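What follows is one structure encoded as structure tokens, with my remarks underneath.
Naming: A, B, ... by sequence-line order, numbering from 1 per chain. All values below come from the heavy atoms of this structure, side chains included, with hydrogens, waters and symmetry mates left out. Since the structure is predicted, the reported quantities are computational estimates derived from the model, not experimental observations.
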Amino acid sequence: MFLATQAKIQQAVREFAHERYNLEPNVIVNQPPRPAMGDMALPLAMELGRRVGKPPRQVAEELAAELRNIAGVAKVEVAGPGYVNVYLNRADYAAGLSVQREQATAESASKPSGKIIVEHTNINPNKAAHIGHLRNAALGDTLVRLLRSRGNSVEVQNYIDNTGVQVADVVVGFLYLEKKSAADVAALISNPSVRFDYYCWDLYASVSHFYEEDSTRVELRGRTLQEIEHGGNEASRVAETVAMAIVRYHLATMFRLNVEYDLLPRESEILHLKFWDQAFQLLRERGAIYFETEGKNKGCWVMRQEEGNREVETGITTETEPQAGAEDTKVIVRSNGTVTYVGKDIAYQLWKFGLLGKDFWYRPFQSYPDGRVLWVSATEPDSSTPPTFGRGEKVYNVIDVRQSYLQNIVAAGLRALGYEEQAVRSIHFSYEMVALSPRCCADMGIELSPEDRKRPYVEVSGRRGLGVKADDLVDRLIQEALREVQARHTEESPEFRQRIARQIAIGALRYFLLKYTCNAVIAFDFKEALNFEGETGPYVQYAVVRARNIFRKLEAEGGRFDAALVTPAVLDRFLAAPDGDPYWELLFLASKLEAVTEQAIITTEPAAVAKYAFQLAQSFNNFYHRFRILTEQDESRKAFLLWLVEIVDRQLTATLDLLGIEVPEAM
RNA sequence: GCGCCUGUAGCUCAGUCUGGAUAGAGCGUUGGUCUCCGGAACCAAAGGUCGGAGGUUCGAAUCCUCUCAGGCGCGCCA
């Protein structure tokens, strides 16, 4: 309702500017500083006045006269230096809101016609997931929910690098450090008393020391990596079982956070199905890369960085003799003939857009309780009939900010091949890392070097085994939540309490990960992550639980909410200013969900939705405290209040769903 | 050296894309609400030269230039 109303007003303003002054301004709609000053504010007249040489207030008056004719507008006032403040017809607006939730509209800026691919999580399958990975998944999953809520078709991919060095390192650990066979490893995996991903977490850190003790051991990594890529040997068998066992742990961890995927494209299939060979051919044919015959990159296939990070030379050139072929090129194929990571990434990105001319085979990997089937790439067909994967129109890669440089090169690769459109629609959804606060390190008994201690935060490092494991954090949150639940619900069953505690814990965790904007480093701190009060997920959940308790109590007392009592006349009566202001403000805020969603998509900033959830919950809690509903004697006022609560419940539940947060039955 | 990001209340952060009315939250502090639709709540107070200096503008936390401080990138690693 908000989006449609806003669009209507913007359109009218554009027409006014065009017809009266032959201008096509960008129409900004603001919120007035105080609700009493109107529902929407247009600062345009100030700018317009200057451009046409008229007093802003005069232009504002002209515009106001125009807007008064719009259906749904109750009043228009000119204020201050030339603001045009619009007051909506509250009852009409409320009636419109009551009908149904807003669907994606034609002018929805965020909606392409085709499929959107979102790639996220992408954890190296060689150790347990940590909090940094949780941020990636929470952001990616929320983006998926936002896009789907606006009517987009979205495919979620979780790329599995099962043949990379990180897996190779753990394989080295098993084969050479622990001297285990493939059978030993398989036994370890099937041993129910071993948390295999935790086991590998420690082993991975041990391997780093193993290399440090004797630098000649590093060649084991290279050899193992080659064996894994080649296949058909002990190392590749260990790699395969380790990687997929850990993938299952990752999937289980993410499922605890309500994160699901559609497809697991694996590096091994990209390798065996020769995706790179195909991409290499394309890149050569179209001159996107060339063979370097001199300089430090002699013997490599390199790509020119068209307009990379390099600054354009100005008049006075400082004589620092530019290195031949150094600055603005990127090696794609090494002089030994092997492809770099970014080269493989270009091939994968081409496949995502359906531009590679090759496809994977697929087989079902697992099913989620809701019926969604997760598929995995395969080297050959089987009897299953997979949906069409890839061929996206737009691609979001959720990857942390440190990979910006490489993501730019991938996009540059598409451009060099002539795929300008796809390069533009390759979106690096970038976010900052999760680090550990000094206090957090102290809590965990992590020894810090003197220079680390001076820093504001310490980077998580899988290689050093430095970090908070995802499942440990989740377990601890559930434990904290359970303590609270047990204190409040002594008579409920253990299953009930466990379920509620889990929902609260996940609500707290996802909200915590989402409330920071993407370019803020999260300095992780247990005290803040375990907080259930103030600006937190449980605070928002609690608001909805309270709203629902009103209806529960009503029914328990034998009452019933009859929506038919809320007639246009009733809406008009109770929403009228000034007595209706508190109701109207709550209602108006609740109507903005779709607008907030649009904004969050356009700016790729899920934190905006988290912020909104908190504001709406806060506004409701204030309302809840201020007005008694069930004891209300006036039947039509009571019906009106119940109607309002129902709308807030609906919108707030929908908001939480976008954040991947469930509403507990009780709190 | 080059590129990107950050700097707003004691602490943690919104607000910067698209300049606009008295710069907002949470936590913490202090004081209040309390037999209720369950307080994981509500209200109030104190607390800010928006890192600094110029500039553009009727108007700048927001745009431009310079500068200081911190972080992250810049491999024939992934």
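On the P atoms, C74(B) is 43 Å away from U29(B), given to the nearest whole Å. Rounded to the nearest Å, the gap between the P atom of G7(B) and that of G47(B) is 24 Å. Atom name P, nucleotides A25(B) and C63(B): the rounded distance is 23 Å, in whole Å.
Backbone-only engagement by Val521(A) is indicated by non-hydrogen atom pairs under 4.0 Å involving sugar-phosphate atoms exclusively. Within the nucleic acid shown, Asn85(A) comes within 4.0 Å of at least one base atom, counting heavy atoms only. Among the protein residues, Ala520(A) comes within range of the sugar-phosphate backbone only, with heavy atoms under 4.0 Å from sugar or phosphate atoms but none that close to a base. If you check every strand for non-hydrogen atoms under 4.0 Å, Leu406(A) touches a base. Nucleic acid contact class of Tyr83(A) (heavy atoms, under 4.0 Å, all strands): base. The residue Asp161(A) sits close only to the backbone: its heavy atoms come under 4.0 Å of sugar-phosphate atoms, none of a base. Counting any heavy atom pair closer than 4.0 Å across all strands shown, Val485(A) reaches a base atom. Within the nucleic acid shown, Arg455(A) comes within 4.0 Å of sugar-phosphate atoms alone, with no base atom in reach, counting heavy atoms only.
Taking all atoms of both residues into account, the shortest heavy-atom contact from Ile500(A) to Ala666(A) is CG2-O, 3.3 Å.
For C77(B), one of the phosphate oxygens OP1 or OP2 lies less than 4.0 angstrom from a side-chain nitrogen or oxygen of Arg334(A). Contact annotation: Asn622(A) reaches the phosphate of C43(B) (side-chain N/O to OP1 or OP2, under 4.0 Å).
Listed nucleotides G38(B), A78(B), A41(B) differ in distance to Tyr624(A); the shortest reach to its side chain belongs to G38(B). In this structure, the nucleotide among C76(B), C13(B), C42(B) sitting nearest to the side chain of Asn297(A) is C76(B).
Taking the six-membered ring for Trp and the full ring otherwise, Phe614(A) and Tyr511(A) have centroids separated by 6.0 Å or more. With ring centers used as reference points, Phe275(A) lies 6.0 Å or more from Tyr348(A). A centroid separation of 6.0 Å or more is found between the aromatic rings of Phe532(A) and Tyr542(A).
When Watson-Crick and G-U wobble pairs are counted only if both distances are under 3.5 Å, G24(B) pairs with C13(B).
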